[in-house]
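To keep things clear, I will list the structure first and then write my remarks on it.
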Amino acid sequence: MSTVLVLNSGSSSLKYQLLHPDSGEVLASGLIERIGEGDGRVEHRAGDREVRRELAIPDHEAGLKVAFDLFAETGYELAQAGLTAVGHRVVHGGEVFYRPTLVDDEVLATISDLAELAPLHNPANRTGIESARRLLPDVPQVAVFDTAFFHGLPPAARTYALDTATAERYGIRRYGFHGTSHEYVSGQVALLLGREPAELNQIVFHLGNGASASAIRGGRAVDTSMGLTPLEGLVMGTRGGDIDPGVLTHLLRNGVAVDEVDRLLNRESGLKGLAGVNDFRELRKLVEADDAGARLAYEVYVHRLRRYLGAYLVELGAVQAITFTAGVGENDSGVRADALAGLERYGIAVDPERNIASGRGARAISPEGAEVTVLVVPTNEELAIARAAVAVVDG
Ligand code: AMP
């Protein structure tokens, strides 16, 4: 049976998963952290075996070699694992890449060129691809882009009302991110409801460390909350989402350096900025302890969710499904209940018992027979990437 290796390369980290693309069975997975920092850490899992290592990992290629050794140690020699492809998560596909793409030198160069739009992500993605190509030269490498699902956003949804020449010169438009997750989850919703994606209007909330919402009409994304970068939209762990651009010029004029503004927006804002914690479980504990900062952070978080919900309901006109996914969306019943509270007149309701019922699978949490089905659907970006990679290789 064929397998796919899925890689998600960050600047100092590497997440990997070896899986069967048909069944979705995960054979082995792991996370390598602190690459290039002298005190690397590896966590590897295969079945019920868990291996932890601490060792210096100078670069991504060395990290991948460690992972390959661990595959062999835990029973999956890669050379005999029937590897069909390596699927790479690539954050920014710009205007160029709108479908999963077989990597060659030209594709790699273009991914590098797009680093201007995603300086934190695309260079790391490129490094991951290069390392995998060197170590597995005979296995097709496929890049799967986080922006692809939103490539066809209608002009009104993708355009910032900026001077056109400036926007064109700097590639400024709304690209959207988390596309692999939004596409996968909305596809799962259609399967669960026994309908064709083309028959459904959906709203998906991907609420993890990063968070985004999408409006999907008949299987095609018509709006999303992230824009030129993954900073726009919902409140996130360390990113604040929507902000008056005047705040930035105000900070710059007051002598705050550009890099400092960048750090503020990417790392010190959102839940962290308001409550001091970016992990939602910790936020929930503080809210329950009636911490004022945490309460405000939670209220801003929910307020923003409802604002996007309202916008997307109007944009779509009629909606058959509203779905929550990712770490917070799948696990925090309070967010789901608060985001949709008091909307019965729009056919939207959450059944309190279904909402808090434990269980990890995809499930409806709206009352039986509700006009709009509200769902919790676990996202699985690795599986989506693996299947996309196989589809490219199979032509
Ligand atoms: P992700 O980016 O999808 O891995 O999601 C990470 C976020 O999900 C973090 O803020 C976690 O605190 C949050 N999360 C994970 N598990 C839970 C849980 N059981 N309850 C609430 N939040 C959770």
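Ligands are counted one by one from 1 in listed order, and the atoms in each one are counted from 1 as well.
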query: For ligand 1, is there an atom lying under 4.0 Å from some heavy atom of Arg281?
result: yes
side-chain contact (heavy atoms from CB on, under 4.5 Å) between Asn122 and Leu117, worked out: CA-CA 8 Å; Asn122 273 40; Leu117 293 169; over 6 Å; no
Geometric class of the Phe205/Phe324 ring pair [parallel <30°, tilted 30-60°, perpendicular >60°]: parallel
Could you check [atom] against the protein and tell me its nearest heavy-atom contact, residue, atom and distance included?
atom	result
atom 10 (O) of ligand 1	Phe280 N, 3.0 Å
atom 2 (O) of ligand 1	Asn209 N, 2.9 Å
atom 18 (C) of ligand 1	Asn331 CB, 3.2 Å

task: Apply the test side-chain contact (heavy atoms from CB on, under 4.5 Å) to residues Tyr170 and Leu228: give CA-CA distance (whole Å), side-chain angles for both, the deciding distance (0.1 Å), then the verdict.
output: CA-CA 11 Å; Tyr170 295 101; Leu228 172 73; over 6 Å; no
task: Using atom types as modelled and distance alone, determine if a side-chain donor or acceptor of Arg45 lies under 3.5 Å from a backbone N or O of Gly30.
output: no
message: Using modelled atom types and a 3.5 Å cut-off, is there a donor and acceptor pairing between side-chain atoms of Asn209 and backbone atoms of Gly237?
response: no
Quick check on contacts: which atoms of ligand 1 are under 4.0 angstrom from a heavy atom of [X]?
X	result
Ala326	3 (O)
Asp279	10 (O), 11 (C), 12 (O)
Gly327	1 (P), 3 (O), 5 (O), 8 (O), 13 (C), 14 (N), 15 (C), 17 (C), 23 (C)

- prompt: Do any non-hydrogen protein atoms sit less than 4.0 Å from atom 5 (O) of ligand 1?
  reply: yes
- prompt: Between Ser212 and His182, do the side chains contain an N or O donor and an N or O acceptor separated by less than 3.5 Å?
  reply: yes
